[in-house]
There are 2 protein chains.
Amino acid sequence: MAPAAGNVAHMSEAVIDDEVAVLLDAVDQRYTTGRRRLVAALQEGVGPLTINEISATDENLPQSSIYRNLAVLEEAGVVTRIVTNDDFARYELAEKLTAHHHHHLICTACGIVVDFELDGRVERTLDQALAGAAKEAGFTPMDHRLDLLGLCRDCQ
Amino acid sequence: MAPAAGNVAHMSEAVIDDEVAVLLDAVDQRYTTGRRRLVAALQEGVGPLTINEISATDENLPQSSIYRNLAVLEEAGVVTRIVTNDDFARYELAEKLTAHHHHHLICTACGIVVDFELDGRVERTLDQALAGAAKEAGFTPMDHRLDLLGLCRDCQ
DNA sequence: ACCTGAAATGAGAATGATTGCCATTTTAAA
DNA sequence: TTTAAAATGGCAATCATTCTCATTTCAGGT
Ligand SMILES: [Zn+2]
Ligand SMILES: [Zn+2]
Ligand SMILES: [Zn+2]
Ligand SMILES: [Zn+2]
């Protein structure tokens with residue numbers, strides 16, 4: 001369930017865990033220990049994490065399992081894969097689970113990715129405009145992705 | 001120079017060519033035949049092109065030169081590298097040259113990328129909102145990137 | 001608590017886009 | 001024309017990601 005309006009607190013770990021179990025079950029996948037550790041790692045990250053960052057935070061996850069299980073989790077709608085201009089991907093918990101539609105600030109110098117949210121009014125304006133553009137081009141809109149490229153505090 | 005307000009016609013090939021020469025000169029690079037062919041190929045593409053698409057349209061461009069010269073052209077600000085969820089990059093002429101700030105419709109099924117433009121009013125609203133978010137996070141905003149993900153006409 | 005077949009794991013090999021290397025060719029200026 | 005620097009093109013190397021397969025874990029039935 002969505003949190004009450006105005007409540008920006010994160011869904012509790014336990015609730016997220018239950019939701020993950022449901023999502024995995026829906027695609028006939030088990031919620032194994034390795035997958036639980038991945039979800040935990042992503043919950044703790046401040047922004048989307050790279051494979052290396054995940055490896056670093058949890059020594060017990062072999063690389064091949066990280067890749068395979070992130071693919072499974074993405075298929076189940078538990079995580080989202082994020083591609084920037086760096087040559088490796090990043091992963092974060094799906095918005096469905098965090099209940100926060102958000103966007104990314106990307107530092108073009110060091111590659112760090114930070115989450116941020118837009119005002120609801122702006123989001124709505126945007127969605128309308130995108131729906132119009134999609135219609136003109138014969139596209140069926142599913143989602144949008146908005147990144148701000150710039151320099152982070154440390155790279156000015 | 002930017003075209004007159006309301007004029008959405010493309011900058012002529014000759015003008016673009018001159019501008020490319022200037023941009024390359026600014027970073028001490030020559031405007032060679034191979035680089036001219038790349039610019040021509042990108043001008044003809046309906047959207048951002050992959051390396052393979054460029055190879056296909058111009059048989060006289062060896063792959064290693066395509067990669068090397070696209071990197072040079074990107075460095076000079078002539079082309080923009082676009083990364084989607086496919087595992088290969090796409091390139092298009094920089095907005096500086098086409099004089100059209102635009103965004104992308106990306107088909108999540110077949111990967112095709114199509115350009116579209118947003119209403120100026122929406123762009124301004126967006127820029128304001130992004131500037132605010134950037135300030136809060138200590139970022140210096142440079143540019144934004146907005147994609148609509150969905151299904152193209154052929155993949156519905 | 002045992003079976004038993006299916007799913008998951010982990011170590012390493014294979015893949016494939018991209019980058020690096022270097023001998024040869026082209027360019028621009030003297 | 002000479003000459004040094006820049007560019008080229010074929011191919012090797014890199015490296016994130018995917019694949020393979022032998023072993024382990026799991027769930028369900030007994
Ligand atoms: Zn930075
Ligand atoms: Zn995020
Ligand atoms: Zn499509
Ligand atoms: Zn474009």
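What you see below is based on every heavy atom in this structure, not just the backbone, and it leaves out hydrogens, waters and symmetry mates. Residue numbers start from 1 in every chain, and the chains themselves are labelled A, B, ... in the order their sequence lines are given, proteins ahead of strands.
- Between the side chains of T140(B) and Q156(A), a donor-acceptor pair is found at a separation under 3.5 Å.
- Between its opening and closing five pairs, the helix from dA1(C)-dT30(D) to dA30(C)-dT1(D) changes axis direction by 30°, a value rounded to 10 degrees.
- Atom CG of N85(B) is separated from atom P of dA16(D) by 18 Å (rounded to the nearest Å).
- Between I54(A) and L42(A) the shortest side-chain heavy-atom distance falls below 4.5 Å.
- If you check the side chains of E92(A) and T80(A), you find no donor sitting under 3.5 Å from an acceptor.
- Rounded to a whole Å, the CG atom of L73(B) is 11 Å from the P atom of dA7(D).
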Side-chain donor-acceptor distances from residues 123-134 of chain B under 3.5 Å, at least two apart:
residue: E123(B); atom: OE1; partner: H101(B); partner atom: NE2; Å: 3.2
residue: E123(B); atom: OE1; partner: H144(B); partner atom: NE2; Å: 3.2
residue: E123(B); atom: OE2; partner: H101(B); partner atom: NE2; Å: 3.2
residue: E123(B); atom: OE2; partner: H103(B); partner atom: NE2; Å: 2.7
residue: T125(B); atom: OG1; partner: R121(B); partner atom: O; Å: 3.0
residue: D127(B); atom: OD1; partner: H144(B); partner atom: ND1; Å: 3.2

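- Sorted pairs that involve residues 31-75 of chain B and meet ring pair (Phe, Tyr, Trp, His ring centres under 6.0 Å), not counting sequence neighbours, are lacking altogether.
- Between the side chains of N85(A) and R145(B), a donor-acceptor pair is found at a separation under 3.5 Å.
- Nucleotide dT19(C) holds its P atom 13 Å from the CD1 atom of I66(B), rounded to whole Å.
- Take E53(B) and apply the side chain to side chain contact (heavy atoms under 4.5 Å, CB included) test, not counting sequence neighbours, and it matches L49(B), T50(B), R90(B).
- D58(B) places its CG atom 14 Å from the C1' atom of dG9(D), with the value rounded to the nearest Å.
- Residues passing the side chain to side chain contact (heavy atoms under 4.5 Å, CB included) test with D25(A): none are found, sequence neighbours excluded.
- Linking ILVMFWY side-chain heavy atoms closer than 4.5 Å, directly or via other members, places I106(B) and I112(B) in two distinct hydrophobic clusters.
- We find that CG of L38(B) is positioned 13 Å from C1' of dT8(D), with the value rounded to whole Å.
- Straight-line distance from the CG atom of L70(B) to the P atom of dT8(D): 12 Å, rounded to whole Å.
- Atom CZ of R81(A) is separated from atom C1' of dT18(D) by 11 Å (rounded to the nearest Å).
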Open item on the list: Return a single string for nucleotides 6-17 of chain C, one symbol per nucleotide in 5' to 3' order, where B is base contact, S is sugar-phosphate-only contact and - is none, cutoff 4.0 angstrom on heavy atoms.
Closed with: -SSBBBB----S
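- Rounded to whole Å, atom C1' of dT19(C) lies 11 Å from atom CD of Q63(B).
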